[in-house]
Amino acid sequence: QVQLVESGGGLVQPGGSLRLSCAASGSIFSINAMGWYRQAPGKQRELVARISRGGSTNYADSVKGRFTISRDNAKNTVYLQMNRLEADDTAIYYCNADITIRAIYTERNYWGQGTQVTVSS
């Protein structure tokens, strides 16, 4: 069994910053790519940023230059530093990871439950 638990969401004013964290726990053998997605009301879930085990990153055009994704492989944790937040960044942010579980040794994709980010004055 694997769990992804997000933290760090909340209410912030436009131009402000937040840092999201997502920790993976359970019977983990290895974690490949990790990432953050978001879903705003009435919209489809979209990729925000993704990072490989080796540290290669890719970002949605809308967040380039404002958001930074990073990870700590020793802690099975991925982070999303969000700066210069805008109202359009308001959404539920979901953690995602490709994880191989001990015993079955098959990589599967997992989602966290999400954390709300609201940007408003």
Side-chain angles (χ1 to χ4, degrees):
Q1 194 80 339
V2 170
Q3 276 192 318
L4 296 177
V5 178
E6 300 105 333
S7 62
L11 173 64
V12 63
Q13 292 186 341
S17 299
L18 282 176
R19 188 191 194 210
L20 305 183
S21 300
C22 171
S25 62
S27 186
I28 297 170
F29 175 71
S30 66
I31 303 177
N32 199 352
M34 303 183 82
W36 291 94
Y37 291 72
R38 67 187 181 186
Q39 187 166 18
K43 296 186 177 181
Q44 289 189 330
R45 192 174 297 189
E46 63 175 4
L47 172 70
V48 176
R50 199 155 173 85
I51 184 168
S52 71
R53 181 170 181 81
S56 298
T57 59
N58 62 288
Y59 295 91
D61 288 343
S62 60
V63 307
K64 283 181 181 177
R66 300 188 297 122
F67 291 10
T68 302
I69 189 170
S70 61
R71 65 189 285 173
D72 185 332
N73 290 332
K75 295 181 179 180
N76 290 338
T77 300
V78 63
Y79 306 96
L80 186 68
Q81 177 67 43
M82 304 185 293
N83 299 327
R84 292 186 280 138
L85 282 158
E86 305 168 354
D88 285 347
D89 296 319
T90 296
I92 299 174
Y93 284 69
Y94 296 92
C95 177
N96 178 269
D98 295 324
I99 299 174
T100 299
I101 301 176
R102 296 184 188 278
I104 62 173
Y105 298 103
T106 299
E107 185 175 280
R108 294 178 179 173
N109 188 257
Y110 292 86
W111 291 93
Q113 291 188 323
T115 184
Q116 177 71 47
V117 171
T118 302
V119 184
S120 175
S121 55

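Computed from a prediction, not measured in an experiment: that's the story for all the values here. Quick note: numbers below take in every heavy atom, side chains included, and nothing from hydrogens, waters or symmetry partners.
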Interatomic spacing from CD1 in Ile101 to CD1 in Ile31 - rounded to 0.5 Å = 10.5 Å
Indicate yes or no for a side-chain donor-acceptor contact from Arg53 to the backbone of Asn73 under 3.5 Å, with no hydrogens or angles considered.
-> no
Which other residues belong to the hydrophobic cluster containing Tyr79, where Ile, Leu, Val, Met, Phe, Trp and Tyr are joined when side-chain heavy atoms lie under 4.5 Å apart, directly or via other members?
-> none
Could you state the interatomic distance from CG (Leu47) to CG (Asn58), rounded to the nearest 0.5 Å?
-> 5.5 Å
Taking atom CD of Gln39 as the centre, does the number of heavy atoms from other residues, nucleotides or ligands within less than 6.0 Å exceed 12?
-> yes
Check whether any side-chain heavy atom of Leu20 sits under 4.5 Å from a side-chain heavy atom of Met82, and report yes or no.
-> yes
If you link I, L, V, M, F, W and Y whenever their side-chain heavy atoms are under 4.5 Å apart, who else ends up in the same group as Tyr105?
-> Phe29
Euclidean distance, Glu46 CD relative to Arg38 CZ, rounded to 0.5 Å | 4.5 Å
Would you say Asp98 and Arg50 make side-chain contact, with heavy atoms under 4.5 Å?
-> yes
Which word best sums up how the rings of Phe67 and Tyr93 line up, parallel for under 30°, tilted for 30 to 60°, or perpendicular for over 60°?
-> tilted
Any side-chain heavy atom of Asp89 within less than 4.5 Å of one from Arg66?
-> yes
Would Thr100 and Asn32 satisfy side-chain contact (heavy atoms from CB on, under 4.5 Å), going step by step from the backbone distance to the final call?
-> CA-CA 8 Å; Thr100 299; Asn32 199 352; over 6 Å; no
For Glu86, look at atom CD and say whether over 12 heavy atoms of other residues, nucleotides or ligands are found less than 6.0 Å away.
-> yes
Would you please test Ser120 and Leu11 for side-chain contact (heavy atoms from CB on, under 4.5 Å) and show each step?
-> CA-CA 7 Å; Ser120 175; Leu11 173 64; 4.2 Å; yes
Test side-chain contact (heavy atoms from CB on, under 4.5 Å) applied to Trp36 and Cys95, step by step = CA-CA 5 Å; Trp36 291 94; Cys95 177; 4.1 Å; yes
Assess whether side-chain contact (heavy atoms from CB on, under 4.5 Å) is satisfied between Thr90 and Gln116, documenting all intermediate values.
-> CA-CA 8 Å; Thr90 296; Gln116 177 71 47; 4.1 Å; yes
